[in-house]
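One-based numbering, in listed order, for ligands and for the atoms of each.
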Amino acid sequence: MPRTVRAAGVMGGTFNPIHNGHLVTAEEALSAFSLDEVIFVPAGHPWQKEDAGVAPAEDRYLMTVIATASNPAFRVSRIEIDRPGPTYTVDTLRALRAELGEGCDLWFITGADGILNILTWKDPEAVLREARFIAATRPGYDLDRLEKELPAGLEDRVKVMEVPALAISSTDVRLRVREGRPIRYLVPEGVARYIEKTDLYREDSPST
Ligand code: ATP
Ligand code: MG
């Protein structure tokens, strides 16, 4: 019998590739919000954006599995990868809710930049009703704008969490690979090995 999950974090992202900023944020949310698990949900191939430097979904999925495998409270869902066409966060949250049951608290974990994007989504109220949100910020980040832009009455659906300043982004990791600069300590060792082995993000590879 699978154990009962009362509170789950959901971390969506392109994970192109997953890096230590994602992992530190997930671990902090796990601890600060007493979550039972964090589910990483790599986005399907963003075909609307043509290729736009996004590695194949299967590579991004495997790197996410490699990065999270040693943490018993982390798991990876294929839900967006296996679904054809564009995926909407609200559909993903509904599918996870169906899997985990009504009794489970769902928390969508995003960076502070990501939460501001939610407000431009098609139906922010619907998304904010499906799950509460954890907005990860760096110390000193200005949240006034966020508070002003949240739909009235739903302000309590968003909690702010400070994570140690981690100036790591997937964009920077890809640039470093292309320029032959180190990515050690920015991504888990296994992810660095995977990128090396598969030639991802190199200048001459199709997904750079
Ligand atoms: P890219 O540079 O390609 O945009 P990214 O590093 O922002 O990639 P994503 O896969 O786009 O990574 O991010 C997934 C989620 O993780 C988003 O909610 C994003 O805000 C958050 N995130 C990304 N980097 C960090 C970081 N260093 N610290 C905390 N959260 C982060
Ligand atoms: Mg990003």
Side-chain angles (χ1 to χ4, degrees), residues 8-33 35 38-46 48-68 74 76-77 79-81 86-90 92-93 96 106-121 124 127-128 131-143 145-146 158-179 181 183 185-188 191-192 195 200-201 207-208:
V10 179
M11 182 124 190
T14 316
F15 301 128
N16 184 38
I18 189 165
H19 55 67
N20 288 342
H22 299 130
L23 296 163
V24 166
T25 302
E27 181 67 17
E28 190 65 16
L30 193 71
S31 145
F33 291 82
L35 307 177
V38 174
I39 308 163
F40 290 75
V41 187
H45 197 76
Q48 340 56 309
K49 285 199 251 160
E50 298 295 319
D51 259 336
V54 180
E58 220 53 54
D59 286 318
R60 292 183 288 105
Y61 168 76
L62 283 173
M63 290 189 283
T64 308
V65 170
I66 290 166
T68 55
F74 288 175
V76 188
S77 166
I79 191 164
E80 293 198 0
I81 287 189
T87 44
Y88 298 100
T89 302
V90 66
T92 299
L93 291 172
L96 290 172
L106 277 186
W107 291 91
F108 192 83
I109 306 162
T110 86
D113 50 330
I115 193 97
L116 288 171
N117 284 338
I118 299 168
L119 306 168
T120 65
W121 290 351
V127 184
L128 283 167
R132 280 182 286 177
F133 277 66
I134 299 171
T137 70
R138 293 164 198 181
Y141 188 92
D142 176 20
L143 283 162
R145 193 180 144 215
L146 170 63
V158 179
K159 301 272 184 255
V160 172
M161 175 184 76
E162 278 200 357
V163 292
L166 273 173
I168 306 178
S169 71
S170 302
T171 303
D172 181 55
V173 171
R174 295 193 300 274
L175 187 67
R176 284 168 169 273
V177 173
R178 196 152 65 234
E179 294 179 344
R181 288 186 291 133
I183 58 170
Y185 309 127
L186 298 176
V187 301
V191 171
I195 291 171
L200 281 175
Y201 312 125
S207 56
T208 301

Counting each atom of ligand 1 from 1 as listed, which ones have a heavy atom of [X] under 4.0 Å away?
| X | value |
| --- | --- |
| R174 | 3 (O) |
| M11 | 16 (O) |
| G13 | 10 (O), 14 (C) |
| S169 | 2 (O), 6 (O) |
| T110 | 18 (O) |

Check: Which pair of heavy atoms, one from A67 and one from P188, lies closest together, and at what distance?
Finding: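 Looks like CB-CG, 3.8 Å.
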Checklist line | Heavy-atom closest contact (A55 atom, N16 atom, distance) | finding: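 Reported closest heavy-atom pair: N-OD1, 3.2 Å.
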Margin query: Looking at A43, is its backbone amide N or carbonyl O close enough to the side chain of R60 to form a donor-acceptor pair, meaning the two atoms are under 3.5 Å apart?
Written below: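 Present.
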Check: Ignoring hydrogens and geometry, is there a side-chain-to-backbone donor-acceptor pair from S170 to F15 under 3.5 Å?
Finding: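 No, S170 side chain to F15 backbone: no donor-acceptor pair under 3.5 Å.
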Could you check [atom] against the protein and tell me its nearest heavy-atom contact, residue, atom and distance included?
| atom | answer |
| --- | --- |
| atom 4 (O) of ligand 1 | T171 OG1, 4.0 Å |
| atom 27 (N) of ligand 1 | I168 O, 2.9 Å |
| atom 13 (O) of ligand 1 | H22 NE2, 3.3 Å |
| atom 25 (C) of ligand 1 | H19 CE1, 3.8 Å |
| atom 14 (C) of ligand 1 | G12 O, 3.4 Å |

Checklist line | Nitrogen or oxygen of F15 less than 3.5 angstrom from that of ligand 1 | finding: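 Yes; the residue has a nitrogen or oxygen that sits under 3.5 Å from a nitrogen or oxygen of the ligand.
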Check: Mind checking whether A167 has a heavy atom under 4.0 Å from ligand 1?
Finding: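 It does not, in that no heavy atom of A167 comes within the 4.0 Å cut-off of ligand 1.
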Next item on the list: Determine whether any heavy atom of N16 lies closer than 4.0 Å to an atom of ligand 1.
Entry: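 So N16 does not count as touching ligand 1.
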Margin query: Using 30° and 60° as the class boundaries, would you call the ring planes of F40 and F74 parallel, tilted or perpendicular?
Written below: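 F40 vs F74 ring planes: perpendicular.
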Check: In terms of the angle between their ring planes, are W107 and F33 parallel, tilted or perpendicular, with boundaries placed at 30° and 60°?
Finding: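 Judged by the thresholds at 30° and 60°, the geometry between W107 and F33 is tilted.
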May I ask you to test the [X]-[Y] pair for a side-chain heavy-atom distance under 4.5 Å?
| X | Y | result |
| --- | --- | --- |
| H19 | D172 | no |
| E27 | V38 | no |
| S169 | R174 | no |
| L175 | R181 | yes |

Note to self: Strictly less than 4.0 Å: does any protein heavy-atom distance to atom 16 (O) of ligand 1 fall in that range?
What the structure shows: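 There is a protein heavy atom less than 4.0 Å from atom 16 (O) of ligand 1.
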Next item on the list: Select one of side chain, backbone, both or neither to describe which atoms of T25 lie under 4.0 Å from any atom of ligand 1, heavy atoms only.
Entry: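 For T25, the contact with ligand 1 is made by the side chain alone.
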Item checked: Option set G111, A112, S170, A26, criterion heavy-atom distance to atom 18 (O) of ligand 1, minimum ->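 It is G111 whose heavy atom sits nearest to atom 18 (O) of ligand 1.
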